[in-house]
Amino acid sequence: MSYPFAAIEKKWQERWEKNQTFKTGDDFSKPKYYVLDMFPYPSGAGLHVGHPEGYTATDIIARKRRMQGFNVLHPMGWDAFGLPAERYAMQTGIHPKVTTQQNIDNFRRQLKALGFSYDWSREVNTTDPGYYKYTQWIFLQLFNSWYDTAQKKARPISELPIPSELTGDAQKKAREDFIAGKRLAYIANMPVNWCAELGTVLANEEVEEWVGKGYTVERKPMRQWMLRITAYAERLLTDLQHVDWPTGTLELQKNWIGQSTGCTIKFGVAGTPQHQILVFTTRPDTLYGVTFMVLAPEHPLVDILTPASHKATVDEYRKATALKTEMSRQLDAAKKEKTGVLIGAYAIHPLTQEKIPLYIADYVLMGYGTGAIMAVPAHDERDFAFAEQFDIAIRQVVAPAPPSPSGREDGGEGLFAGDGTAINSPIIDGLKTAAAKEKMIAHLEKENLGERRVQYKLRDWLFSRQRYWGEPVPVSFDAEGFMVAEDNLPLMLPESDNFQPSLSGESALANIPSWVNFERDGKKYRRETNTMPQWAGSSWYYLRFADPQNKDRFASAEKEKYWLGDGVDLYVGGAEHAVLHLLYARFWHKVLYDLGYVTSVEPFKKLVHQGIILGEDGSKMSKSRGNVINPDTVVAEYGADTFRLYEMFMGPLEQMKPWQSKSIEGVYRFLARVYRLFVNSEGKLNDKLLAAPKDEKAVLKILHQTIKKVGDDIETLSLNTAISQMMIFVNEAYRVESIGRDAATKFIQLLSPFAPHLCEEIWQAMGNQESIAYTPWPKYDAQYLVESSFEAVIQINGKIRARTELAIGISDADFESAARGVEAVAQALAAKSVKKVIVVKNKMINFVVA
RNA sequence: GCCGAAGUGGUGAAAUGGUAGACACGCCGCACUCAAAAUGCGGUGGGGGCAACCCCAUGUCGGUUCAAGUCCGACCUUCGGUACCA
């Protein structure tokens, strides 16, 4: 038999909306709990079954916290700028605003149909000018700040010390350039992934996607806005100690930031004493092993140092490198094939004064370290491969010690990349690697030949896109080319019906002269035509939820402090955002922290990733495989409560797991069983519940076990086992003749965060006027959990040989004699000598026999 | 290659170093029914035994321990991330 879920769910969704049941007040006297979902990009495909997985988990937490008396902030919004809507607009001419709004309406409808207890009055939308006003405002905070490396924090650009030689009107250009070079948001000519067909720059992680779809992507230097996230590398790394995140995600972030410690070393150039080549190395102890050096092809010294005799080959190699796609470059890397050419100049070894040949090769990247390396083929895998290919001398300066028996450190003949003992190195001979590094750095620093340095892999954030559908960058340029920040925010995205990028590689905004060019106070200006990447809006939305209607500030100081004083309490979302979104948001948060706008060091205290839900065939859900499950269909067939409960019952939240249509039946049956337990065939409350329990002790025991288990499991998000326990309770309730009002009441409260519609209905049927949502969360009474006896397990040499019922609290001696009294045990022990007896109190005993 | 997560019945999965497989699906049986569905009750890791019971079993191989799915080491497989970062 079914239960009338459709009517029940409609009724309660309407009632919650009408009564504003989940509107969050700003009662600052109550303890707060901020539980946040990663807001979705509202795609045309509608909600995917993966979305409600995390959303249901957070909803359960939110509902439990309300019942525990917390003031709960549980909001939802839309990360609505995005390329799909713009591309659709290019094809159809329909404005992205229109499709975005349709998609949002559809998503909202779908989410409401699942009964999530969001405070919809706080809904945010990144494409709303009232929202992106503050995205732009934060951008300007970055633009108007510089990073003080002494104080290790961002400071207003007005506090930037200007060198005395740059003062005065005559120096305005030089001064402005100097300031521009210090800003946290700055313009640079950067090699980017340019896609001519899309007319835009792609992020590295987007390249593969579009190349896969048949688009051409090339590396091309272009004028780009950059955000100086590298200034925060150290803090982004060390502050990870303050957060409660999955270890895997912490590792990903650490790897992405990529800290390595070492030193820089200055090499002279033969014949031109005015030039020096600076390298970064983590292995200064191998300095005596240098047999060649490599500069990145784009290294500025290449032009200066290359003699005419080598110009042709060098230029040819540089050109080839620029055209090389990421793909073929990676392929070379995988094959360990190295390319490069001699530039015909020589460096001078800082200690031995030896002449060292200089190469350019694309395995050295301009973007990391100093763009130049000292190559030690004996102790570096890449240098080794290069030396073998180009037949360069290999000089051993580290002896493996002790010789590694596995040979794992030994990457091949003559290559040893591990730690050992320095040899053939006069200054440091005989020292272990760690000590050798230290002594070498000390020596280089003393001789002014180099200095200690911490290097990060992290690059600055490429922040501009040549797109229409994004936040305009609120900066203009006057007739002389000086930058002026827009002080009248929001800088509105202009209306347009042409979404094609301009041919110059600028965004579609460049096609709207009336917007681009403007006059103010008699001066002419040209606007920046780049827009911000999709990451922008999602880097601070969690702040806006604290005070979404505020027109004067991204959030009032008071509300920011109350809701975010110690960060978001629980943040749930996909692991695909483990690096970029979380890193960008942390970066912005830290800038705002430095400038005094937010009060917590880290934005997200606890983070959990929900696992991917696979199709029934165990592969990833996709249209082409035809294994996509639509939430609407499931809700229509079984109802929202079943859908929620099923997704939570599938398995551990963080685990990847396949959808099983069959299993939904079981969860549905459970809810129908609950309904029938409370409501009889005439639609009246079942007598079984009201009658005093016949076996009160048994009912109370299972009830309090359930209260404890469900409460504890929600805290650890072990929602699958919480549901199991409630199933056990219901199975027991069917077995006994009567369970009583109290147990019935508490059980329905326990279930309510999971299946809120059904529980509200039953709650009302039980005669309650108020919503169940704010009733106090049941507490368990430990006295009902106490057992009087236990089934003692008797082991002999660790194997179970017998079981017997014994009283709780039995002494070890009594336990042993009772166990020996069991016939099977007595027989087994008869001919043996007992060497040892281990008793685990109230559980088991193990006889160790010879 | 490197980093991370995970391998348990026919299936999804449980299990503070202490009774492996809770709960659920599926399957089998019984009740209700003219019958079926629905529902309720019971059984269900594999092998052996009439039975009480016995043996085997948590990817593989070792180790620690009175006791290992759980801890340690090596390996295999799958998934996710990353990729010449000096």
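Chain letters run A, B, ... following the sequence lines, proteins first, then strands; residues in each count from 1.
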Name the atoms and distances for all side-chain donor-acceptor pairs under 3.5 Å in residues 792-807 of chain A, with sequence neighbours left out.
unit_1, atom_1, unit_2, atom_2, d
Asn797(A), OD1, Val849(A), N, 3.0
Glu805(A), OE2, Ser789(A), OG, 2.9

Looking for any heavy atom pair under 4.0 Å, which part of the strands does [X] touch: base, sugar-phosphate only, or nothing?
X         : value
Lys662(A) : sugar-phosphate
Asn720(A) : sugar-phosphate
Glu665(A) : nothing
Pro246(A) : nothing
Met844(A) : base

Using whole Å, report how far [atom1] of [X] lies from [atom2] of [N].
X         : N       : atom1 : atom2 : result
Leu252(A) : rU82(B) : CG    : P     : 8 Å
Met656(A) : rC79(B) : CE    : P     : 9 Å
Leu806(A) : rU19(B) : CG    : P     : 16 Å
Glu381(A) : rA83(B) : CD    : P     : 17 Å
Ile838(A) : rA68(B) : CD1   : C1'   : 15 Å
Lys657(A) : rA14(B) : NZ    : P     : 10 Å
Phe649(A) : rA22(B) : CZ    : P     : 12 Å
Lys457(A) : rC3(B)  : NZ    : P     : 12 Å

Distance, [atom1] atom - from [M] to [N], rounded to whole angstrom:
N       : M       : atom1 : result
rA24(B) : rG18(B) : C1'   : 27 Å
rG73(B) : rU65(B) : C1'   : 16 Å
rA37(B) : rC32(B) : C1'   : 12 Å
rA68(B) : rU19(B) : C1'   : 14 Å
rU77(B) : rU16(B) : C1'   : 30 Å
rU8(B)  : rA57(B) : C1'   : 10 Å
rA51(B) : rG63(B) : C1'   : 41 Å
rC27(B) : rA38(B) : P     : 10 Å

Please tell me if [X] has a side-chain N or O lying less than 4.0 Å from either OP1 or OP2 of [N].
X         : N       : result
Ser260(A) : rA86(B) : yes
Asn731(A) : rC23(B) : no
Lys836(A) : rC66(B) : yes
Arg673(A) : rC41(B) : yes
Gln655(A) : rA13(B) : yes
Arg669(A) : rA38(B) : no

* To do: List the atom of Met293(A), the atom of Val290(A), and the distance in Å for their closest heavy-atom pair.
  =>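 Shortest heavy-atom separation between Met293(A) and Val290(A) comes out as CG-CG1, 4.3 Å.
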* **Minimum-distance pair of heavy atoms, taken over all atoms of Trp461(A) and Trp535(A)** =>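 Closest approach of Trp461(A) to Trp535(A): CZ2-CB, 3.6 Å.
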From [options], pick the nucleotide closest to the side chain of [X]?
X         : options                   : value
Pro652(A) : rA24(B), rA14(B), rG40(B) : rA14(B)
Glu251(A) : rG4(B), rG18(B), rA14(B)  : rG4(B)
Asp362(A) : rA86(B), rG40(B), rC84(B) : rC84(B)
Lys843(A) : rU16(B), rA13(B), rA22(B) : rU16(B)

* Asked: Hey, do the aromatic rings of Tyr359(A) and Phe386(A) have their centres closer than 6.0 Å?
  ->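 Centroid distance Tyr359(A)-Phe386(A): below 6.0 Å, so yes.
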* To do: Could you run through RNA chain B and flag its stems, i.e. three or more consecutive Watson-Crick or G-U pairs with both distances under 3.5 Å?
  =>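 RNA chain B stems, ordered by first number: B:1-7 with B:76-82, B:10-12 with B:23-25, B:26-31 with B:39-44, B:45-48 with B:53-56, B:59-63 with B:71-75.
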* **Inter-residue atom distance Glu616(A).CD - Lys662(A).NZ, 0.5 Å rounding** =>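 That separation rounds to 10.0 Å.
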* **Separation of Leu236(A) CG from Ile257(A) CD1 (nearest 0.5 Å)** =>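 Going from the CD1 atom of Ile257(A) to the CG atom of Leu236(A) covers 5.0 Å.
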* Asked: In residues 796-803 of chain A, which ones come under 4.0 Å of RNA chain B, going by heavy atoms?
  ->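 Close to the strand are Lys799(A), Ile800(A), Arg801(A), Arg803(A).
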* Asked: Can you list the residues that meet the salt bridge (Lys or Arg N to Asp or Glu O under 4.0 Å) rule with Asp244(A), with sequence neighbours excluded?
  ->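 Residues passing salt bridge (Lys or Arg N to Asp or Glu O under 4.0 Å) with Asp244(A): Lys606(A).
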* Asked: Side chain of Lys254(A), base of rC3(B): donor and acceptor closer than 3.5 Å?
  ->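 In this structure, the two groups form no donor-acceptor pair.
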* In sequence, state the C-alpha distance, the side-chain angles, and the governing distance for Asn731(A) and Arg735(A), and then conclude on side-chain contact (heavy atoms from CB on, under 4.5 Å). => CA-CA 7 Å; Asn731(A) 288 346; Arg735(A) 250 171 242 132; 3.9 Å; yes
* Please assess Phe790(A) against Ile810(A) for the test side-chain contact (heavy atoms from CB on, under 4.5 Å), listing each intermediate value before the final yes or no. => CA-CA 10 Å; Phe790(A) 68 102; Ile810(A) 190 169; 4.2 Å; yes
* Is rG40(B) in the syn or the anti form, by the rule that syn lies within 90° of 0? ->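 This nucleotide is in anti.
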* Considering heavy-atom distances to RNA chain B, does Gln725(A) or Val793(A) have its closest nucleotide positioned more toward the 5' end? ->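 Its nearest nucleotide being more 5', the pick is Val793(A).
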* **Residue whose closest nucleotide on RNA chain B lies nearer the 5' end, Tyr734(A) versus Asn255(A)** =>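 Upstream on the strand: Asn255(A).
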What pairs of donor and acceptor atoms, side-chain ones from residues 280-289 of chain A against any protein atom, are under 3.5 angstrom apart with sequence neighbours left out?
unit_1, atom_1, unit_2, atom_2, d
Thr281(A), OG1, Arg283(A), N, 2.8
Arg283(A), NE, Asp285(A), OD1, 3.0
Arg283(A), NE, Asp285(A), OD2, 3.4
Arg283(A), NH1, Ala417(A), O, 3.3
Arg283(A), NH2, Asp285(A), OD2, 3.0
Thr286(A), OG1, Arg283(A), O, 2.7

* Test: Lys338(A) cationic atom under 6.0 Å from Tyr363(A) six-membered ring centre, within 45° of axis ->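 Yes, Lys338(A) and Tyr363(A) form such a contact.
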* To do: Go through Leu607(A) and Val243(A) one step at a time and tell me if the side-chain contact (heavy atoms from CB on, under 4.5 Å) criterion holds.
  => CA-CA 8 Å; Leu607(A) 171 74; Val243(A) 299; over 6 Å; no
* Asked: Of all residues at least two apart in sequence or in a different chain, which pass the side chain to side chain contact (heavy atoms under 4.5 Å, CB included) check with Thr291(A)?
  ->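 Here the qualifying residues are Pro377(A), Ile392(A), Ala393(A), Arg395(A).
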